[in-house]
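Inspection log for the structure reproduced underneath, given as structure tokens.
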Amino acid sequence: GNSVTQMEGPVTLSEEAFLTINCTYTATGYPSLFWYVQYPGEGLQLLLKATKADDKGSNKGFEATYRKETTSFHLEKGSVQVSDSAVYFCALSDISNAGKSTFGDGTTLTVKP
Amino acid sequence: NAGVMQNPRHLVRRRGQEARLRCSPMKGHSHVYWYRQLPEEGLKFMVYLQKENIIDESGMPKERFSAEFPKEGPSILRIQQVVRGDSAAYFCASSRRQGFSYEQYFGPGTRLTVT
């Protein structure tokens, strides 16, 4: 079956530091990959996505590249802000399974001023 | 275009009562998914529905939990005889196929507390 493994948290960084959150996956088909962000007390918001190998998703300064050879989709940001503090979830969905998503356990990021 | 709507946002039930959680998908979306998030954990898939059909309920507990998505109206997740372990955030997502991908849009969740 499908699975997603995320870097364990929590992660604490100073403002303007570089961020990497690792994500690797196992899938039987050709999944689409996603990063979602969840702010306290809210639902999940789609941050970025990639639908095929070597695609790069980007949004709000965050980037992730779909690496089929290493089955990875690491999230990066060059300079984090306090407002980036949230929980980040890596996920995959498989079209053969009608988009049912498999999520990682989430990584809590705290950015200190 | 309104997003996915869930209500209530917060629900308190005593042990043994029933909980009904509602989800209205985005306009034009015919796929609905329910996920459960226990405190400090990730989201776990529960059930996937299309109008009037349950497609995949492999994540649903075998007892007390049921889901429906009628021809008219919202999707309902029903938990009978709730227990303390049912306390969690329940998220609904909806999607439609876009090429080779199904991009899911999440509602704000219903936070169920069982006392």
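Letters A, B, ... are given to chains in the order of the sequence lines, protein chains preceding strands, and every chain is numbered from 1.
Interface residue A/Leu46: only side-chain heavy atoms are found under 4.5 Å from chain B. When heavy atoms are compared at a cutoff of 4.5 Å, A/Gln38 approaches chain B solely by way of its side chain, counted from C-beta outward. Only the side chain of B/Ser58 comes within less than 4.5 Å of a heavy atom in chain A; its backbone stays farther off. Only the side chain of B/Gln37 comes within contact range of chain A, with at least one heavy atom under 4.5 Å from a heavy atom of that chain.
Expressed to the nearest 0.5 Å, how far CZ of B/Arg84 lies from CZ of B/Arg14 amounts to 11.5 Å. In this structure, the separation between CD on B/Glu63 and CZ on B/Phe65 is 11.0 Å, given to the nearest 0.5 Å.
In terms of heavy-atom proximity, B/Ser94 sits nearest to B/His29 at OG-ND1, 2.7 Å. Nearest heavy-atom pair across A/Phe103 and B/Leu43 is CB-O, 3.8 Å.
The pair B/Glu18-B/Arg78 counts as a salt bridge, with a side-chain nitrogen and a carboxylate oxygen less than 4.0 angstrom apart.
Here A/Gly41 is the residue among A/Gly106, A/Pro31, A/Gly41, A/Gly104 with the most heavy-atom pairs under 4.5 Å with chain B.
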